[in-house]
Amino acid sequence: MAKYVFVTGGVTSSLGKGIVAASLAKLLQARGFKATIQKFDPYINVDPGTLNPYEHGECYVTEDGAETDLDLGHYERFLNIHTSQANNVTTGRIYQTVINKEREGAFLGKTVQVIPHITDEIKNRMLLLGKDDTYDIVISEIGGTIGDIESLPFIEAVRQLQWELPEEDVCVIHLTLVPYLRAAKELKTKPTQHSVRMMSENGVHPDIIVCRTEEPLNNDIRRKIAQFCNVKTEAVIESMDASTIYEVPLMMLREKLDVITLRKLNITGYAEPELDRWKGFLDKLKYPKSQVTIGLVGKYIELQDAYKSILESFIHAGAVNEVKVQVVNIHSEYLTPENVLEKMRGLDGILVAPGFGQRGTEGKIAAIQYARENKLPFFGICLGMQMAVIEYARNVLGLKNAHSIEMSEETAFPVINMMEEQKKIKMMGGTMRLGAYSCDIVPGTMAEKIYGKTKISERHRHRYEFNNDYLQQFADAGMIASGTNEESGLVEIIELPESKHPFFIGVQFHPELKSTVESPAPLFVSFVKAANEYHEKQVSSKTAVAAVAN
Ligand code: GLN
């Protein structure tokens with residue numbers, strides 16, 4: 001039987017509950033435990049698939065095609081495991097399940113209520129992953145902040161489980177903010193006290209309090225928090241702001257978050273944590289040998305969380321190459337053929353981001369044309385790949401106003417078309433081509449060189465596809481489909497051969513969703529390498545010019 005850890009948050013949102021939960025899981029894994037994490041989101045959407053990225057950041061897609069919260073991305077990146085539909089549950093999904101059961105008549109004439117029916121369903125989900133022997137410890141992160149109306153049923157479910165399960169099978173960790181008042185030069189514990197009191201009013205008592213803070217917690221502060229919040233002093237954990245999220249597991253190790261959790265769960269005889277690879281990665285991350293600047297061309301760039309997995313993939317790939325990757329945001333909406341030269345100045349490569357809808361697409365096309373013509377490394381993901389196909393159609397094949405059916409239904413040259421099975425779909429939620437599909441790579445291509453094999457599997461989230469009617473025309477003009485899905489014939493990868501361009505590659509799938517600290521995405525690794533080579537070439541040509549001038 002598994003044991004259960006619940007992570008709740010107080011005082012404010014954005015304290016990094018997901019990172020603390022993932023760090024704890026990482027430490028438990030490093031000590032030899034089988035640990036997993038799940039996220040409970042209190043909003044009423046059934047999943048985040050229909051949400052605009054401005055709402056809660058990117059939608060993370062799992063192997064089994066679930067559209068989930070971006071925290072699942074952190075779980076996978078930290079633990080190097082696959083999560084699934086079962087790892088993300090929203091209020092919407094809970095209600096949908098309960099209402100469906102009610103329609104089936106499963107409640108035998110009873111009035112269906114929040115307590116017990118909704119809370120029972122939440123408890124089912126909380127216990128689900130621990131039902132067989134797959135995991136020793138299941139960590140459940142409860143979204144939202146204590147005091148939110150929406151999260152009440154989840155807190156009530158935790159209360160019931162704290163009462164129902166043996167005491168040594170449940171540990172509740174509460175993450176709060178301990179603000180530092182600069183004028184008074186003091187850390188303040190009152191918000192934490194209030195937050196824990198509010199939890200107690202809901203009947204849940206935290207065993208461990210993790211304090212997000214800008215300044216170190218001294219012993220007096222720790223004792224004060226412990227006394228007023230009724231926990232042991234050692235269970236008050238300091239979580240200082242970190243320079244990188246990948247530092248947090250080591251900070252939590254120093255604070256003994258894992259040991260104190262294991263003690264509460266009455267687990268003894270565990271191994272020393274094996275974190276050599278993690279530390280090796282951190283060393284490379286902290287001491288890069290060079291730096292490249294990558295332009296991230298997208299329309300959601302005001303919100304960093306919208307491209308979370310892409311930004312993290314650059315961190316992983318940068319460490320492998322021992323290169324610091326500086327990502328510069330370029331708003332595709334304000335990019336035009338007139339200002340593209342100025343906007344691309346100083347870049348060593350561009351990544352054209354995924355997206356939906358018309359806004360910003362012409363800017364993406366302008367950036368791609370610049371990259372193609374100036375041999376600037378280019379990497380297009382999903383919509384970014386589709387825009388590269390459109391750019392090539394318009395500017396190389398001469399297909400005037402070629403477009404994607406998504407942006408222009410009446411285009412004479414629909415080089416990006418709607419997938420056949422998508423045409424009959426009316427419901428928008430959860431109906432894209434989602435999750436892992438295999439891709440066969442053509443031997444001798446850039447793609448084969450990058451992956452080092454001819455069969456791969458990557459995750460997807462799209463409705464539109466490369467129109468195969470144009471395949472030959474593109475190939476004749478030099479742009480080839482170097483990867484396709486065998487069953488459907490869908491184009492997965494397009495590229496220009498190395499003889500034409502040092503790195504010009506677009507993928508219909510999302511390689512960023514599978515990049516982890518221990519297994520960085522090959523496409524990102526190669527793209528950063530190409531950008532570094534471009535950078536070195538630029539530097540050496542500048543040095544040569546300066547030498548001539550002197
Ligand atoms: N809007 C495009 C499609 O649905 C691309 C989607 C994406 O970039 N994830 O095919």
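Whatever order the structure lists ligands and atoms in, that order sets their numbers, starting from 1. Keep in mind it's a predicted model, so treat the numbers as computed, not measured. As a basis for the values below, the full set of heavy atoms in this structure was taken, side chains included, without hydrogen atoms, waters or symmetry mates.
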Trainee: If a pair satisfies ring-ring contact (aromatic ring centres under 6.0 Å, His included) and one of its residues is in residues 411-457, list it, with sequence neighbours excluded.
Mentor: Tyr437-His460
Trainee: Salt bridge (Lys or Arg N to Asp or Glu O under 4.0 Å) between Lys308 and Glu58: does it pass, once the steps are laid out?
Mentor: CA-CA 7 Å; Lys308 196 79 209 159; Glu58 86 175 359; over 6 Å; no
Trainee: For His316, which of Tyr246, Phe524, Phe78 qualifies under ring-ring contact (aromatic ring centres under 6.0 Å, His included)?
Mentor: Tyr246
Trainee: Between Glu465 and Arg433, is there a salt bridge with N-O shorter than 4.0 Å?
Mentor: no
Trainee: Before accepting this row, confirm whether a basic side-chain N of the pair Glu333/Lys299 lies closer than 4.0 Å to the acidic partner's carboxylate O.
Mentor: no
Trainee: Can you list, by chain and residue number, every protein residue with a non-hydrogen atom closer than 4.0 Å to ligand 1?
Mentor: Pro354, Gly355, Phe356, Cys382, Leu383, Gln386, Glu406, Arg461, His462, Arg463, Tyr464, His510
Trainee: Do Glu67 and Arg461 sit within salt-bridge range, that is, some charged N less than 4.0 Å from a carboxylate O?
Mentor: yes
